[in-house]
Amino acid sequence: MDSSPSPDIHIPEQWSEAAESIVYSSRPPIILICGAKNCGKTTFSRYLLNVLLHKYPKVAYLDTDVGQPEFTPPAFLSLTIVHKVTPDLTVPCMKTPERCLFFGDVSSKRDPSTYLSYVFALYDYYQKEYCISEKGKNPFKIELPLIVNTPGWVKGVGYDVLVDMLKYISPTHVVKISISRESKNLPSGEFWLDGEHDETINLIEINSAHQDLLNRSMIVRKDARLLREFRIMAYFRQCICRDSSISTIKELAHALASHCPYEVPIASIKIQHLHCEVPSSEIFFTLNASIVGLAVDSEGLENLPWCLGLGIVRGIDMVKGVLYVITPVPHSSLEKVNLLLHGYIQIPSCLLQVQGCISPYMSANTLTTN
Amino acid sequence: MEPSSSLLGFEEEAKVSSSSARRLVPWLNWHEWLFVKHALFSDSPHSALKRISAWRSRASLPVLIEVTASIIEIQLKDPCFRQDESNDASLSEEMLAMLYCMAIMRLVNGVIEKTRKKEVASIAVAADAIGIPRMLIDIRHEGSHRELPSLKIVRSASIKALDWLKSYYWEPQSKAIPFQGEGLGEVKKEIKSKIRELAICLKVNGSAQSSSSLLKGKRPKKQISKILKYVLRLYSSFSSEIVSVLLEYLLKALSSSELEGNADDASNGLTTQNVLADWKLILLKLCNKEPEILLNLLKEVLDMIETRENMKYAEDNPNIGISHSRPEIQQRDYLSSLFAWLVGILSKVPSAAANMPKRVLHELLRKCLLISRLCNKQLVDSALQLAELMNDSYLKEKVRKFSLISLSNLDSADDQSSLLTSKNILKFEESILEATKKLELVKQQIMKNKKPTAMDCDTKKSQTWTLAKSWNPCPIGMLPRTVGSSGYLPVLNVIDDEKQNQLLESKENWKLIPHGNKRDATLDLPQLDNSTVKKMRKTKEFSESNNELPMQVVKGCLLVGGVLKKLTEEELLAIESSVRILV
């Protein structure tokens, strides 16, 4: 069952065997993929997604990698329902998730407990909607398999976070990808179970795809920061209507600067700063020309700020008392938004320094103390 | 391996050349940075520390600023440096020493790790190269590997660290800022010289072309565009200075030619054209790129005419009026002919006329008519020209009627305008205002008819998020101007309730008691949550009635009787005492 992936991607036999063993399970599987940085988790998850889609009509994807998410811009934790096969395994594509939460940072290091609570919340949502409940309340509920992607941080705090995730989710299958440098890998065996052995869990250990003659893993080095900036630009590209031909970053910058923004009164919006404390008199100095998460502040029991997308606060008019926000979220959904979340995500600087619309935050006379 | 940007739909682009070398900074302009620098090293650095904590959330804060803020904040907690303030939660000596030590470690690591290559130079060597005091390096070493250094040592080290930071970063950076310190005079000089250069270049270019030596014409062209770019870049921060400089030059040119020529009214227009022919080219070039310059020039000239007229008629003494009349009338004539000439240019600049919103031209037209008082023929003619630009035939008819009235007025009046008694002026003003009111009504009718009836159901939706009604392109972080695409810097200060609180509290712990009264409600505001939000609403109301409210007025003011006023101490005391009586 091969889904003819792109020519650059080589799926070793070990991988396809692993995928097949997962697919042949009777109940819809819950699969968690883990491993060191750059070992091929995302590629394997895409491949697995395609394979599962041949059997199931839809597959749920829980993305917990805030640094390089699959279907959303960075800093999001999301649960997406996928029903289309990805033809090209190298190209990431934007999808609108079913539910997502804006974490505000590209790694869990600043606030692992909030990170975990968000992961658990998304998993609970999946359980409620797409998993068979023992009580059999809703016989028409479609059961979907779940793929959980994890970040490549496998040491220190990242390891602890991964262990907590595994304990909570208790997946049916755990795919652990190892690279040749043993020191970088996760411990062997069921490392999260404190010595107990759980019969229901299948641990599949595979190696990373590319290995040279000496059996050393060939890792593709990625410039993570640059990738994130491209992701953000691709996200905001959706603001501009599809027909207009924008093919360079310069054109996108000009288009965004001229794009008519949404106007929202400051009085009807709550502003929350994640990860840092800002005095109330200085709020607008942090918001101007920054990226915010557009969330709905629910008074529900969980009190989780479900997020609808990202927006760029491109201007603040204190005299009129309005914020000007550019966002690709459709207008009909925007009416629910009453909370702006400000994290550590910045507007890519290449969008801000295009000739003709240079932002005042790109300054020319700074001392370079290098 | 660099990710191919074509993955996400972007073509590969050549790397931006680092000649301009811009870096992302968390401050809006250098004014903000200077405010922070000044406050940080003053006696009460609290406002600067607050601003730096806001900068920190923007994630592009230079480490040197962060470290400076840390050290100063620790010194604030140290009773040795703050003898006057009583610390409620005073730290033990051990804790203070740990704080200082950590700050110094972050300083050394933050600065050195960037500048040295690990294998090539040791930390001590790299530190020497930059000039960090040796004491700081030692403290870092002690604190990491040995015992915590004593409080006395780290205290004195913090003083040294601050001095070094000043000499390494704060002073050099403030010197590198363009146009700071000397104030606007420096800027004006710069603008003047640039515009003179531009004039010379354009002249050279013009004459070169006429003498058909094309090779010589090329270099001035490049220079012209360079100077143009420079002036336009200055425009976004110094717009009023540029406008005033241009106006100075234009008026000088006019008045100097008049002194020589002594032309009479009939040929005035012609002379203006000749005299200002050189300037026409400059203005055309500037206004093609930045049409707002022309708009501001027109507004300025109208304002000057208005103030002159007001001055003239405010002085009731007829003798003084007569003795000042000759040069006054001449000035007024210069200004009027200048205005007419500028309107002529406005019609010549195709982009400006097309893109200038109707409402702006309408406003200009209305002001022009008001100021002309129907006796200044040139202004009335200019108004007619403006009406033509607006392509509104109804408006044109009305303005033509006004001009006919003015003609008949002029024919039967002297220059001393004894006919323009206050009664007549009032009558004319009334009729103008009536006409404009009627025009507004007609416009509204037309707009109502044009609007689809679907608008009614749209109003049912909650209007929190609405598309902005009109949008001029402007850089991200700025607000759009009415005309042109350069944008202007926003003022982001929340109204300072602290200042009011301090003022009020210093007067014997006087308690605020909520009343239903609007006046007292504003005094009450600092105690409410969302006080900032309420203040925003109040400013909104006020600004709706007065479009040109400068933001600086709002700070430190109280809303008294519906009007924002800056109150003196006596007035505050009066309010305070009067409230006491009510209690």
Side-chain angles (χ1 to χ4, degrees), chain A residues 91 220-223 226-227 230 234 237 247-249 257-258 260-264 266-268 273 276 278-282 284-286 288-290 312 314-321 324 331 334-335 337 342 344 346-347 349 352-353 357-367 369-370, chain B residues 1-3 5 7-11 13 16 20-26 28-29 50-51 53-54 56-60 64 111 114-115 168-169 172-173 176-178 461-462 464-468 471 473-479 489-492 494 496 532-533 536-537 539-540 543 549 551:
Chain A
V91 177
V220 172
R221 295 237 169 271
K222 297 181 267 187
D223 186 344
L226 211 54
L227 273 177
F230 279 130
R237 165 76 180 80
S247 50
T248 62
I249 296 178
S258 335
C260 194
Y262 287 102
E263 205 176 280
V264 54
I266 297 178
S268 48
H273 285 94
C276 68
V278 173
S280 55
S281 58
E282 312 290 325
F284 302 107
F285 288 98
T286 63
N288 194 24
S290 65
I312 294 180
R314 63 101 71 234
I316 304 180
D317 194 340
M318 299 291 284
V319 174
K320 284 199 212 162
Y324 293 112
H331 196 168
L334 265 185
E335 286 300 320
V337 173
H342 185 259
Y344 274 121
Q346 290 174 292
I347 304 180
S349 49
L352 295 176
Q353 58 176 359
C357 53
I358 300 184
S359 173
Y361 291 98
M362 296 298 298
S363 183
N365 304 92
T366 48
L367 282 187
T369 50
N370 279 347
Chain B
M1 186 179 90
E2 270 219 16
S5 49
L7 278 183
L8 291 144
F10 294 111
E11 290 174 355
E13 267 188 351
V16 177
S20 48
R22 288 176 178 269
R23 281 168 77 204
L24 190 64
V25 295
L28 189 58
N29 53 6
K50 277 194 191 166
R51 186 60 56 82
S53 68
R56 218 174 264 136
S57 79
R58 293 191 75 104
S60 51
L64 291 165
V111 176
K114 278 194 202 147
T115 59
Y168 183 71
Y169 173 70
Q173 176 66 84
I177 302 173
K461 275 194 221 161
S462 68
T464 335
W465 290 80
T466 50
L467 263 181
W471 190 258
C474 66
I476 292 183
M478 290 179 149
L479 292 171
L489 291 171
V491 177
L492 297 172
V494 171
D496 200 358
T532 51
V533 167
M536 278 330 302
R537 283 215 193 97
T539 4
K540 194 169 149 189
S543 63
L549 173 68
M551 215 30 214

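Letters A, B, ... are given to chains in the order of the sequence lines, protein chains preceding strands, and every chain is numbered from 1. Bear in mind the structure is a predicted one, so any value in this text is a computation, not a measurement.
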Original post:
Using a distance-only test with no angle check, is there a side-chain donor-acceptor pair under 3.5 angstrom linking A:His342 and A:Thr286?
Top reply: no
Original post:
Which pair of non-hydrogen atoms, one from B:Ser60 and one from B:Val25, has the smallest distance, and what is that distance?
Top reply: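 Nearest heavy atoms, B:Ser60 then B:Val25: OG-C, 3.7 Å.
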Original post:
Looking at A:Ala289 and B:Arg58, what are the two nearest heavy atoms and their distance?
Top reply: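 Here A:Ala289 and B:Arg58 meet closest at O-NH2, 3.0 Å.
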**OP:** Please state whether the side chain, the backbone, both or neither of A:Leu352 comes within less than 4.5 Å of a heavy atom of chain B.
**Re:**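 It is the side chain, since no backbone atom gets that close.
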Original post:
Hey, which of B:Ser57, B:Ala54, B:Ser53, B:Ala176 has the most heavy atom pairs under 4.5 Å with chain A?
Top reply: B:Ser57
Subject >> Separation between OH of A:Tyr361 and CG of B:Leu28, rounded to the nearest 0.5 Å >> reply: 4.0 Å
Original post:
A:Gly315, A:Cys276, A:Ser258, A:Ser290: which one forms the most heavy-atom pairs within less than 4.5 Å of chain B?
Top reply: A:Ser258
Subject >> B:Leu24 portion near chain A, given a 4.5 angstrom heavy-atom threshold >> reply: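 When you check distances to chain A, atoms from both the backbone and side chain of B:Leu24 fall under 4.5 Å.
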